[in-house]
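Structure first, commentary second.
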Amino acid sequence: MSAQPAPAPEGSPASHRPLAGLFWRIRSLQVGSLLALPLGWLGIVYLGSLVVLLITAFWTLDEFTGLVVKGFSLDNFELIFTEPVYRRIVLRTVSLAALVTVTDILLAFPIAFFMARVVGARTKGLLVVAVLMPLWASYLVKVYSWRTMLSTNGVINWFLDPLGLHVPTSGYVRVWIVMAYLWLPYMILPLYAGLERINDSLLDASGDLGARPWRTFRSVVLPLALPAIVAGSIFTFSLTLGDYITPQLVSNTQFIGNVVYANVGIANNLPLASAFATVPIVIMLVYLLIARRLGAFEAL
């Protein structure tokens with residue numbers, strides 16, 4: 001004899017409506033109905049647009065008519081990797097993303113360590129709010145503020161003039177300064193969470209074994225905080241890699257985002273823009289694979 005499903009309890013939704021009874025008995029339908037909308041949005045809107053982007057990257061632009069030719073071609077990728085200008089833009093963007101990431105690590109580590117291991121609970125909460133406050137301000141307001149401060153008559157030059165110094169005129173340096181400021185909270189918060197999870201007994205054991213503070217930091221704290229560092233670097237690296245607004249507002253230096261934006265709008269070369277947009281996607285996929293092996297996802 002085959003087993004019959006247990007009758008629905010009296011007063012439950014299944015005892016009144018057949019459809020509710022079906023959801024009551026089959027748990028997978030409950031989970032599926034809850035996840036249908038977000039998964040549908042992810043699959044159709046996000047992944048669907050990404051697939052269209054990748055397909056468009058293999059199309060070409062007719063130089064005579066200016067119309068998009070829908071056919072498979074590797075001309076756009078060949079142009080990106082053979083044209084010296086485009087190669088320099090890719091290397092410039094990747095080097096900037098790496099530089100911003102290293103800068104934010106050096107700035108965020110002492111701040112996060114002070115928040116997680118030194119101050120009390122009340123001060124810790126105030127510092128977390130202080131770190132989050134810049135994220136409440138508009139992105140454009142912050143970039144325009146830095147643009148004003150870095151100008152020739154800006155407040156930074158006003159402070160540096162008595163020392164015989166001035167703000168660097170290099171657009172690369174200006175973009176580096178602004179982006180390091182913009183993405184710093186995204187490095188502090190994962191680091192803070194990672195450092196707070198370190199058990200005090202491990203630090204005490206290191207001291208009991210005769211390790212000096214620097215040796216304890218190098219052999220205990222830093223390895224345990226490495227996943228959190230890599231987790232924070234995912235944000236700083238990827239956000240720098242794809243940003244085009246900051247370079248456009250504070251400098252004339254070209255980065256990947258600027259090239260994509262120019263080809264979508266001014267040049268009207270959507271296939272080349274799509275091909276260039278795949279470069280940071282591939283770079284981030286490799287970066288995420290490395291981060292996964294280092295345990296960064298557990299620290300997010």
Side-chain angles (χ1 to χ4, degrees), residues 39-102 139-140 143 170-176 178-179 182-183 230 233-293:
L39 288 179
W41 178 88
L42 179 65
I44 298 174
V45 178
Y46 181 75
L47 295 180
S49 60
L50 188 61
V51 170
V52 172
L53 172 72
L54 296 176
I55 293 174
T56 308
F58 295 98
W59 296 347
T60 56
L61 188 71
D62 190 291
E63 296 181 357
F64 181 73
T65 62
L67 299 177
V68 174
V69 179
K70 299 179 180 180
F72 182 82
S73 174
L74 296 175
D75 291 347
N76 295 318
F77 296 98
E78 182 180 355
L79 179 64
I80 292 172
F81 291 106
T82 57
E83 183 65 35
V85 174
Y86 291 146
R87 287 205 309 268
R88 285 196 297 269
I89 291 174
V90 172
L91 293 176
R92 184 186 302 135
T93 306
V94 174
S95 66
L96 177 70
L99 183 59
V100 169
T101 299
V102 172
Y139 172 89
L140 286 176
V143 175
S170 169
Y172 185 94
V173 175
R174 289 170 179 256
V175 175
W176 165 52
V178 177
M179 286 193 174
L182 290 173
W183 313 139
V230 179
S233 72
I234 293 174
F235 296 108
T236 58
F237 191 85
S238 61
L239 290 171
T240 304
L241 205 61
D243 195 357
Y244 72 93
I245 298 177
T246 299
Q248 187 172 346
L249 292 180
V250 302
S251 76
N252 295 320
T253 307
Q254 291 292 305
F255 296 91
I256 290 178
N258 302 107
V259 175
V260 174
Y261 176 77
N263 279 282
V264 169
I266 301 173
N268 196 28
N269 192 345
L270 188 59
L272 181 60
S274 302
F276 227 107
T278 62
V279 175
I281 294 175
V282 173
I283 293 173
M284 281 310 304
L285 285 176
V286 175
Y287 197 88
L288 289 174
L289 290 175
I290 297 173
R292 183 175 180 273
R293 292 185 63 87

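Please read these numbers as outputs of a predicted model, since none were measured by experiment. Residue numbers start at 1 and run along the sequence shown.
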side-chain contact (heavy atoms from CB on, under 4.5 Å) between Arg293 and Ile290, worked out: CA-CA 5 Å; Arg293 292 185 63 87; Ile290 297 173; 5.9 Å; no
One pair to check against side-chain contact (heavy atoms from CB on, under 4.5 Å): Thr93 and Val279. What are the steps and the verdict? CA-CA 11 Å; Thr93 306; Val279 175; over 6 Å; no
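Here the shortest heavy-atom pairing between Met284 and Leu241 reads CG-CD2, 3.9 Å. The minimum heavy-atom distance linking Tyr172 with Ser95 is given by the pair OH-OG, 3.0 Å. When every heavy atom of Gln254 is checked against every heavy atom of Arg92, the shortest pair comes out as O-NH1, 2.6 Å.
Contact annotation: the side chain of Tyr139 approaches that of Ile245 to within less than 4.5 Å [non-hydrogen atoms, C-beta and beyond]. For the pair Phe58 and Phe77, the minimum side-chain heavy-atom distance is below 4.5 Å. When side chains are defined from C-beta on, Ser233 counts as touching Thr236, because their heavy atoms get closer than 4.5 Å. Looking at heavy atoms from C-beta onward, Leu96 lies out of side-chain contact with Thr253 at the 4.5 angstrom threshold. Counting heavy atoms from C-beta outward, Val90 and Arg87 have side chains that stay 4.5 Å or more apart.
Separation of atoms CH2 (Trp183) and OG1 (Thr246) is listed at 6.0 Å; rounding is to 0.5 Å. Thr60 contributes atom OG1, which lies 11.0 Å from atom CG of Leu67 (distance to the nearest 0.5 angstrom). Atom-to-atom distance recorded for Leu272:CG and Ile80:CD1 is 5.5 Å, nearest 0.5 angstrom. Thr240 contributes atom OG1, which lies 5.5 Å from atom CE of Met179 (distance to the nearest 0.5 angstrom). Rounding to the nearest 0.5 Å places CD1 of Ile283 at 5.0 Å from CD1 of Ile256. The structure places CD1 of Ile234 at 11.0 Å from CG of Leu239, a figure rounded to the nearest 0.5 Å.
Side-chain contact annotation: Tyr287 with Ser238, donor-acceptor N/O pair under 3.5 Å absent.
A donor-acceptor pair is defined here as one N or O able to donate and one able to accept, closer than 3.5 Å; such a pair exists between the side chain of Asn258 and the backbone of Phe255. A donor-acceptor pair under 3.5 Å is absent between the side-chain atoms of Ser251 and the main chain of Val175, judged by distance alone.
Considering Thr278, Leu270, Asn76 in turn, Leu270 is the only one that fulfils the side chain to side chain contact (heavy atoms under 4.5 Å, CB included) rule with Thr56.
Within a 6.0 Å radius of CH2 in Trp59, more than 12 heavy atoms belonging to other residues, nucleotides or ligands are found.
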